[in-house]
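Structure first, commentary second.
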Amino acid sequence: MITLGIDIGGTGVKGAPVDTDKGVLLEERYRVLTPQPATPGAIAECVAEIVEHFSWTERIGCGVPAVVKGGIVMTAANIDHAWIGCDAKSLLEKRTGCKVNLINDADAAGLAEMRYGAGQGHYGVVLMITLGTGIGTALFTNGELLPNTELGHIEIRGKDAEKRASEAAKIRKDLSWEEWADRLNEYFSHIEALLWPDLIIIGGGASKHYERFAPLLTVNAQITRARLLNEAGIVGAALAGLHHPEPPDKKS
Ligand code: BGC
């Protein structure tokens with residue numbers, strides 16, 4: 001099957017047709033800079049540009065950095081607040097003329113890693129963590145996703161965890177790798193106390209520098225780097241375009 005996967009991010013909106021049997025991009029990804037403010041209407045234009053670039057008319061899967069339920073965006077930690085309550089599925093379907101499924105961006109990356117990457121064959125409790133502008137999480141057991149876990153927002157030292165330990169926090173506070181690893185260890189120890197994952201897959205922008213900080217981590221779980229790197233979001237979104245279940249009242 002071939003589906004168009006689109007990953008909506010804070011700096012870029014990227015997409016490519018994906019062979020969902022093999023988990024590979026069939027053409028070079030097309031990237032549009034995320035407009036500011038990144039309102040739903042402005043992002044819909046970026047999605048339409050990608051759709052037009054590939055002359056796409058079939059199904060689309062779209063990853064968004066927010067909780068999404070039945071096509072409605074529920075949260076907006078790192079995106080424009082106008083997204084909250086937005087029926088993004090209808091908006092994008094109307095603008096593109098294609099059938100669209102939406103999924104949380106970390107869930108998309110996790111689906112891709114479980115199927116084609118670092119999570120292949122792992123049937124225990126697997127937690128994919130994306131370290132980037134925010135902290136995204138995707139939780140799997142027996143290979144099944146529990147959607148919309150927002151474990152980047154647990155409270156640590158009275159603060160939202162992603163504000164202390166995301167890649168953006170490292171850059172903003174000019175933390176050394178050691179200082180950042182201390183914060184990550186504190187974050188992971190809270191997560192481990194709650195969930196006891198067997199495997200933690202680290203993805204997101206920071207996974208490019210995995211060698212710099214992974215040796216400093218002291219987690220109990222097995223830990224590994226995401227394999228699909230910056231393609232995971234697109235590949236996983238495409239998978240969601242095919243498989244993400246919708247509530248019965250939303251089925252057409
Ligand atoms: C959002 C998540 C998202 C993550 C990574 C967080 O701020 O709440 O929904 O998955 O950032 O983009």
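This structure is a prediction, so every number in the text was calculated from the model and none was measured. Both ligands and their constituent atoms are indexed starting at 1 by order of listing.
- The aromatic rings of His53 and Tyr30 sit parallel to each other, their planes meeting at less than 30°, with 60° as the upper class boundary.
- Ligand 1 places these atoms under 4.0 Å from at least one heavy atom of Gly136: 4 (C), 5 (C), 10 (O).
- Close contacts of ligand 1 with Glu150, meaning ligand atoms under 4.0 Å from a residue heavy atom, involve 1 (C), 2 (C), 8 (O), 9 (O).
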* Please walk me through it: do Glu113 and Leu228 pass side chain to side chain contact (heavy atoms under 4.5 Å, CB included)? -> CA-CA 7 Å; Glu113 288 295 332; Leu228 282 83; 3.4 Å; yes
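- Atoms of ligand 1 lying under 4.0 Å from at least one heavy atom of Asn104, given by number and element, are 2 (C), 3 (C), 9 (O), 10 (O).
- Heavy atoms of Ile135 approach ligand 1 to within less than 4.0 angstrom.
- Counting atoms of ligand 1 from 1 in the listed order, those under 4.0 Å from a heavy atom of Ala77 are 7 (O), 8 (O).
- Those atoms of ligand 1 with a heavy atom of Ala66 less than 4.0 angstrom away are 9 (O).
- For ligand 1, the atoms closer than 4.0 angstrom to any heavy atom of Glu162 are 6 (C), 7 (O), 11 (O).
- For ligand 1, the polar-atom distance check against Thr130 finds no nitrogen or oxygen pair separated by under 3.5 Å.
- By the 3.5 Å distance cut-off applied to N or O atoms, His153 is counted among the residues near ligand 1.
- Here Pro65 has heavy atoms under 4.0 Å from ligand 1 in both its backbone and its side chain.
- The pair Arg164-Glu186 counts as a salt bridge, with a side-chain nitrogen and a carboxylate oxygen less than 4.0 angstrom apart.
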